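Read through the structure below, which is laid out as structure tokens, and then see the notes.
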Amino acid sequence: MKNKAMSAALVAGAVATAVAGLSVTTPAHAQAKEKCYGISLKGKNDCKAGPGTTCAGSSTVDYQGNAWTLVPKGDCVKFGTAGGDFALPDGRQGSLTELDRDLPQA
Amino acid sequence: MQADRISRERKAPDGNGDFGQALLDASLPSPDGVIGPDGKPAPKRFNVYRNNVIVSLIEALGDTFVAVRRLLGDGYFGALAREYIVHHPPTSPVLIWYGKSFPNFMAGFPPLQAYPYIADVGRLEWAWLQSYHAADAEPLDPAVLGDVAPDAVGQVRIERHPAARLISSPWPIYSLIQANRFAPDDPPAVDMQEGQDVLVARPEIEVDLLCLPPGGAAFLEALFDGAALEDAAGRALTAAPEFQLPVCLQTALSAGVFSALVPDNGQGHLSAKDDATRGAL
């Protein structure tokens, strides 16, 4: 079967349409998430690494510093600084990197 | 090469392969040298170990093929997995790499002939796991493509993002995996007459599944194979006359399935093969 062809001008127009549509209406990865450390209640941390690596729900103290939960991008820094759902007790804050506070007793 | 080495080690930890074979075949006696504290052979202890090995592998397959297990039921899945494990034991100690041939095994398993869609659901679940564990990479910024001169953009080649996968099926595998794994509480309607082409992407942390419109699979397959944009669009039109280039390109760009434009080497025919040749020179 012979391939149908699409003209260069049509392709260029389609690229322009696709790229313009993206920059105006839907920024790429609008639903992006980030790992946020130190905000999970015990047993509620995320981890989806597949078989053989069960770490989801393995944190043993509240707000464990080396356990993370996925949150919408940009929300992590709000934990502990903004009120409402973002409130954390005793001056704790969420962090994009691992923390050494609230670690379980070895 | 690496897999070969590991495979040999697995078959012959004691130098003659008895141990590994006896683990998977309950009709074989417990291997020589397996003894209890009293110095006597300990077949019961070996059976406990044998059982743990098989059960943990069944569980690993069940964690990877969640929708398949749900579709078949725990009992059937366990028996099927046991059959697979005995014939296809792991060749790597890494469990996330175990089960690649499981979909093909299901496709060739006579009792499952009446359920031909099961193997394709398995292929999609395998693609999901591989996408999850693929290398991280920054997705292509759509503006980079937008900046290419209009008279050159048709000849542009685009690199596949390391986590991007494409699974095409004559069965509604997207609806089936949603209903049986990702959205069991809000399942989509499943029309068994409908084929679905599913794009698997992981631009950041979470794996996304997208159902492609007509021609989308042919278009992306061509691009992932190294075809230029204009050529890929032509192939998609051939596969599906209703193919819409702007829609499919926008879907792919926003899903993050590209990582970069392939640099033009001046000949306009850069492909993986040319790349390898250049590397050799």
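Letters A, B, ... mirror the listed sequences (proteins, then strands); counts begin at 1. Both backbone and side-chain heavy atoms feed into the values below; hydrogens, waters and symmetry mates do not. Only a predicted model underlies this, so the values are computations on that prediction, with no experimental measurement involved.
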Open item on the list: Please list all pairs meeting salt bridge (charged side-chain N to carboxylate O under 4.0 Å, His left out) that have one or both residues in residues 85-100 of chain B, counting only residues at least two apart or in different chains.
Closed with: none

TODO: Among the options B/D141, B/V153, B/V94, pick out the one with the most heavy-atom pairs lying under 4.5 Å from chain A.
DONE: B/V153

Open item on the list: Need one label for B/I205: side chain, backbone, both or neither, based on atoms under 4.5 Å from any heavy atom in chain A.
Closed with: side chain

Open item on the list: Between A/A8 and chain B, with a heavy-atom cut-off of 4.5 Å, which part of the residue counts as in contact: side chain, backbone, both or neither?
Closed with: both

Open item on the list: Within the 4.5 Å heavy-atom criterion, are B/W97 and B/P90 side-chain neighbours or not?
Closed with: no

Task: Residue pairs fulfilling salt bridge (charged side-chain N to carboxylate O under 4.0 Å, His left out) with at least one residue in residues 127-136 of chain B, sequence neighbours excluded - done: B/D136-B/R202

Open item on the list: Just so I know, are the side chains of B/L209 and B/W128 near enough to count as touching, which here means a heavy-atom distance under 4.5 Å?
Closed with: yes

